[in-house]
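Have a look at the structure below before the remarks.
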Amino acid sequence: MKKKNLPLKEIFLEDERFRISYYFSLEKLILSLQEVGLLNPPLVALRDKRFILVSGWKRVLACIKLGLSSLPVFVIEEKAELKTFLAAFYENLATREFSLLEKAEILSRLKRFGEDEKKIVQHYLPLLDIPSTLSNLESYLAFSQLESEVKRIIHQKNMSFSSVKIFSGFTPQERKSLLPLLLPSGQNKMKEILEDLKEISRRNDIPVKKILSSKETLDIMGSEKLSPLQKTDKMRLILMKKRDPALSSRKESFDSLLKKLRLPKNIMVKPSPFFEEENFLVNFSFGNHKELKTILVKLQELAAKQEFAGIFKFK
Amino acid sequence: MSKSQYFPKKVYVEKRSLDFPLTKRILKNVGPVPREIIDDPQEVIEDIKASKDVMGAGKKYLLITRQRGEFVKPCPCTPRYLGCNYFIINIDLNCPLDCTYCILQHYLTNPLITVHVNREDLWRQLDILLHRKRHRTVRIGTGELGDSLALDHLTENSIDLVSYFRKKRNVIFELKTKTVNIKNILRIEPAPNVVVAWSLNSLRIAKEEEKGAPSVEERIEAARRVSERGFRTGFHFDPIIHHPDWEEGYEEVIKILLKTVDSARIAWISLGSFRFPASLKAIIEERFPKTKIIYDEFIKGKDGKLRYFKPFRLELYKKIVGFIREWGGKEIPLYFCMESEGIWREAMGWIPKGEENLEAYLSSPLG
Ligand code: SF4
């Protein structure tokens, strides 16, 4: 490997065959370059008489942003694509964690450059902290094929493996129409939405596309009154009702009974989780003796009400 | 897997297990199947793990090895539900059948069908357990981490186990199967404390979700022959699956069962609705992409497992208990596997007062 100073314009950045990182911010790196300069030169290789980047995209892009005209690089003399890529891979492996999408890109490059599938499963997956099964490899390879706008959201929302797996099982059109729903959600809500969609679709033999184009959904998504987050929350509720109709309707009836009972704000009656147990929980808060006495009287009045007996139907 | 007897593609024998009598017996019974002596099963296991369907690939191979840990363990009855005080014997691990819902897919780290051949250790451990529990009646069985009879033509386990247990006073031994591999059972003398049990399901579920298993009618026919040979039989409706036309489906099986097998010789019928750890779902989706059984309305139970929403469970149980009573099974002891007191009371009409009470109820085969 030779070290040399290379004019930036001599690096042919359109050739991304070795690139594994796409989504990053350059701010901190620019700051560090300004303070201490480039300590760790990128790797380049010569292909078709042009220098292409093997590793160090972030560093090169930061240098461009800083308006530098040249930078020090290491030139890899290796001609075989796989070996060249491995140089970049191991350089990165030693120094940083890979994101889910970077892992996907690494695996797809290994496959493309002819690495043996069994070796990828047994050797590289564990290096990337992925359980070594062929089905995991296949999932990651599918992730690497996703549309770039989808990949951007996956990166931005730091989506988990299981969510991306469900997402990648949808059609490109379904994925596209889901983006506005996912953008305002946190990881858990996102997973819930994706899981519910998948399961409703499989159970009822309805394509996800059809669920997403129902009138109910279109009304919510097209509403001008609702904020993006409110739209997502409304959709979550609709999906929940479709996914678990019996449980949702039981919850609704319980809540409507409580409404009828007009409990004071500082008394709460709750069923056991999922109505699994036979008892109920009463929560109340008080600040002094008098308040406590008032609550106890209220509770006694409540227990004597005929409607209150309705609660025991929820056992 | 064909529905006939299981023969592996290859047998791996761990070097240090080579001299056990059971190894010799299996190698004789397995016939002209290729075999390889290996130092470390881990290498073979790692190789299988590179397959797309690890579990499916593992079932094609038989590993002969020794049990290094305990052979006998208390059944890991779900915490916080009523258990039935059962012990399990881990002689064989894994099973050549391939049921969609099989918990072993989630539980086993070794995907090979594995037979433990150090029998002397098993007898010693059993002697100790039965001595320790000498004032109680222990129920014990082999069908938890595999099917009790699926490998019986190779291992002849049933012959050894029945001959061990027939001499013991304080134990009821159960073989639990979905197969019709009963040749050895029919050859041996029945013992009053041995129950041969079948897992049953609706005809539809058996056909769609129990890959490689004989039909329910064939299982019931096998049970009839074993019952007429003089053994007590048991039946497990487990997992009961909420599926379209489930009522008709379960009623039909119960009718066939109680018309075919002498109910006076049925030691028990257990009922357990479909429940599974959440992590099994992804495995099932991957291995059985067409199944819909995992998309019903499940809730997270007190034990963390997913189970049907309670009103569904109650409905399933009440109907099935009703069918059993209606079609001639009034006197058969019934019990729930891993259910709450509320479910017992509502569906069965009584609640066992703790495990010992349930144990006494289910020990009726001993008279
Ligand atoms: S018979 Fe039992 S052990 Fe075998 S695959 Fe089916 S559920 Fe699993």
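Chain A is the first sequence line, chain B the second, and so forth, proteins listed ahead of strands; every chain is numbered from 1. Keep in mind the model is a prediction, meaning the values are calculated, not measured.
At a 4.5 Å heavy-atom cutoff, the contact between A/Gln122 and chain B is made by side-chain atoms alone. Looking at A/Arg243, the atoms closer than 4.5 Å to chain B (heavy atoms on both sides) sit in the backbone and in the side chain alike. Heavy atoms of A/Pro245 lying under 4.5 Å from chain B belong to its backbone as well as its side chain. Proximity to chain B is absent for every atom of A/Glu117, based on heavy atoms less than 4.5 angstrom apart. With a 4.5 Å cut-off on non-hydrogen atoms, B/Ile293 does not touch chain A at all.
Ranked by non-hydrogen atom pairs under 4.5 Å with chain B, the options A/Glu278, A/Arg202, A/Lys118 are led by A/Arg202. When each of A/Ser132, A/Ser135, A/Ala246 is scored by its heavy-atom pairs under 4.5 Å with chain B, the top score falls to A/Ala246. Between chain A and the options B/Ile294, B/Ile343, B/Asp47, B/Val54, the largest number of non-hydrogen pairs under 4.5 Å is found for B/Asp47. Contacts with chain A were tallied for B/Ala50, B/Gly342, B/Pro311; B/Ala50 has the most, counting heavy-atom pairs under 4.5 Å.
For A/Phe314 and A/Phe280, the distance between ring centers is not under 6.0 angstrom. Checked against a 6.0 Å centroid threshold, the rings of B/Phe336 and B/Tyr317 count as neighbours. Aromatic pair B/His242/B/Tyr250: centroids not less than 6.0 angstrom apart. Checked against the 6.0 Å centroid threshold, A/Phe143 and A/Phe167 do not count as a close aromatic pair.
Atom CG of A/Asn283 has more than 12 heavy atoms from other residues, nucleotides or ligands within 6.0 Å. For A/Lys260, the NZ atom counts as loosely surrounded, since its 6.0 Å shell holds 12 or fewer non-hydrogen atoms of other residues, nucleotides or ligands.
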**Message:** For a side chain to side chain contact (heavy atoms under 4.5 Å, CB included) check, start with the C-alpha distance between B/Tyr308 and B/Ile299, then their side-chain angles and the critical distance, and finish with the verdict.
**Reply:** CA-CA 6 Å; B/Tyr308 292 126; B/Ile299 55 106; over 6 Å; no
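Using a 4.0 Å cut-off between charged side-chain N and carboxylate O, B/Glu339 and B/Arg307 make a salt bridge.
A/Leu128 pairs in a side-chain contact (heavy atoms from CB on, under 4.5 Å) with only one of the listed residues (A/Ile106, A/Asn136, A/Leu100), which is A/Ile106.
Scanning residues 276-292 of chain B against chain A with a 4.5 Å heavy-atom cutoff picks out B/Lys281, B/Glu285, B/Glu286, B/Lys292, ordered by number.
Side-chain contact check for B/Phe298 versus B/Phe309: every heavy-atom pair is 4.5 Å or farther apart.
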